[in-house]
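For reference, positions follow the sequence shown, starting with 1.
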Amino acid sequence: MSRILQVFCILFSATVFSLGIPNELYHLGSPFLGLISLIPMYFVYSGLKSYRESFLYSSLHACCVHLISSYWLAFFKDFAAFTLGASALGTSAIAGFIGLFYFLPFSANTAKQKLEDDSTCRHAGSVSVRILWFAAIYTLYEWVKSSGFIAYPWGTISSTMFLWKIFIQTADIAGTYGITFLSALFSAVIAEGFILFYKTRRITEPRYLVSQYTRTALAAITIFIMVFGYGAFRLIQPVRVQKYLNAIMVQQNADPWKQSTDNDSIMTSQRLTKQMLEKAAESGTKIDLVVWSEGCLKYYYPLAELHYKNYPLEKPMASFIKECSVPFILGGSYLRSTEPVRRINNSAFLFDKGGEFRGFYGKNHLVPFAECIPFSGIPAVAGFLKKVIHISAGFTPGDQYTLFEVQGTWPEKRYLPESKVISLKNSKSQQAAEDKADPYIKFSTPICFDDSFPDVCRPLRMHGSETFINITDDSWSKTKSAEYQHFVIAAFRTIEYRTSMARSCNSGYSVVLDTKGNILQDQPLFEESAMIAKIPVYEKKDTTYMRLGNWLPKLIAWIAILTGLVMFFRCRITDTVPSERTKLDRFSRKYKRKLILKSNF
């Protein structure tokens, strides 16, 4: 394959991949395009001749996918150079490094083996190795780029698959990386079939090659049948709702860059909340919680507590909460300390029905180079950023997993528990009152970027969170694709941990999801709206993914490392151990010297 054709295949693959990710044309993505998007990339991979090619083509593919699918990062105000430029370079570098592993199993082949591989395909570059290795390394790449400080879990194959509910149910076993592996495996099997069709016309022993491909393809088909069977079982399996959390989700659709104060957005949120409370009263629905989106309060708590008892002037926020007599979750900033540098958490606040501030959760995973800049905790660095670059040091990551607990609502039909305790501790009247009392519900509030990371949501779930209530502000993007991309990535948390999730966003996509990733309720994008969300709380059951975490990519990482070590020592042995021909040459030279010495005497 010529260099021009290789570059074309990489660009074509990146374009198809980007169209499969949620965008302005396909709002929730195209699973079919995602499934076939790596076929052109596999053609290039199967013809790699050096580590250099492996690095360059992997980098080019990742950079193009990132720029096409995440172009909206350029709208992040003064941080566009960091959010789009730096993230594109970082993603390319990661892809290039991981891409070196593509060439690893074939790098130690001798010239003779490569010649035999072209004619019979019996060596390290054979069919099954190529297919499985490609799927494994691509899965490893998506895991590495989605982990750590500079993690960016956008632009992944799994984000194209949201509409195929039957296919993505395996996320409760291997997370999104199992879906990535299966999708890459499909592309590799199809691409290898085309390559086989071309090779059988020119190789001397095609039967071995056809037989090997057939076995590999049948194994892949068997895996897919099992995956779809498991997905069908999960979709039809009934899940019992234990209780509900009736919450008013407010979408104020305020521009975060244009408002110098939060008075207007608070007044808009109050109006929408009041409308929903009146609607709930008419229908006889008990409201358990009101949720406003991320960053709706601009002034820092706890210093701003007095401010919000007096502002907005039309209706102070604290007075409004007390008047509603319902607990509130509000997004804002919490000032942790001012010395030696200012430490602020992007937070979710809980206010009780009396309007009193009760506590907060600090966002754990901040957006790199936007919300958080490396070494900004050092006073000299913070001063440089503020004086020279004219940006603040941003937020400080939260250092604790926080759960909130509020009273919920029993379902219309309550199911009796399997066991019962009869105690003499309380009187009959007290025990009857407890049976009729509304249940308490523990929930967590992953903030914006948080809900995209299993490493954040998994500990929250393990510590007892019964449902996730995410608050987000993606309104700065001004694009539907940004809103939907964030949504589909977050939606996988519901399947991974078999729990419900509600998302309350400034401009969308505000939804309620069940344990299978189904949308129960939603709101339109970029509109002022509110809804009474009936968030189901299901019986908590530990999934395989919850217990083991990212076991699949970690296993692949160990295999790749061990393979690298084997190839390294194999090359060392090949270089240091002389061949039989070399030994014979040395013996003959030594023997000739002895003959010359004898003849001289």
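Applying the salt bridge (charged side-chain N to carboxylate O under 4.0 Å, His left out) rule to pairs touching residues 272-286 yields Lys274-Glu323, Lys286-Asp288, Lys286-Asp438, sequence neighbours excluded. Applying the salt bridge (charged side-chain N to carboxylate O under 4.0 Å, His left out) rule to pairs touching residues 456-477 yields Lys243-Glu466, sequence neighbours excluded.
Taking His66 as the reference, Tyr152 meet the ring pair (Phe, Tyr, Trp, His ring centres under 6.0 Å) condition, with sequence neighbours excluded. The salt bridge (Lys or Arg N to Asp or Glu O under 4.0 Å) check on Asp352 picks up Arg358, with sequence neighbours excluded. By the salt bridge (Lys or Arg N to Asp or Glu O under 4.0 Å) test, Glu305 pairs with no residue at all, sequence neighbours left out. Scored by the side chain to side chain donor-acceptor pair (under 3.5 Å) test, Glu24 finds Ser481 as partners (sequence neighbours excluded). For Lys322, the salt bridge (Lys or Arg N to Asp or Glu O under 4.0 Å) test picks out no residue, with sequence neighbours left out. Here Lys480 pairs with nothing under the salt bridge (Lys or Arg N to Asp or Glu O under 4.0 Å) rule; sequence neighbours left out. Not counting sequence neighbours, the partners of Tyr311 by the ring pair (Phe, Tyr, Trp, His ring centres under 6.0 Å) test are His307. Shown here are the ring pair (Phe, Tyr, Trp, His ring centres under 6.0 Å) partners of Phe351, two or more places apart in sequence or in another chain: Tyr301, Phe357.
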For residues 327-336, which side-chain N or O atoms pair as donor and acceptor with protein atoms under 3.5 Å away, sequence neighbours left out?
from   : atom 1 : to     : atom 2 : distance (Å)
Arg336 : NH1    : Asn345 : OD1    : 2.7
Arg336 : NH2    : Asp399 : OD2    : 3.3

Pair up each side-chain donor or acceptor in residues 155-162 with any protein partner under 3.5 Å, not counting sequence neighbours, and list the distances.
from   : atom 1 : to     : atom 2 : distance (Å)
Thr156 : OG1    : Ser158 : OG     : 3.2
Ser159 : OG     : Thr156 : O      : 2.6
Thr160 : OG1    : Ile157 : O      : 2.6

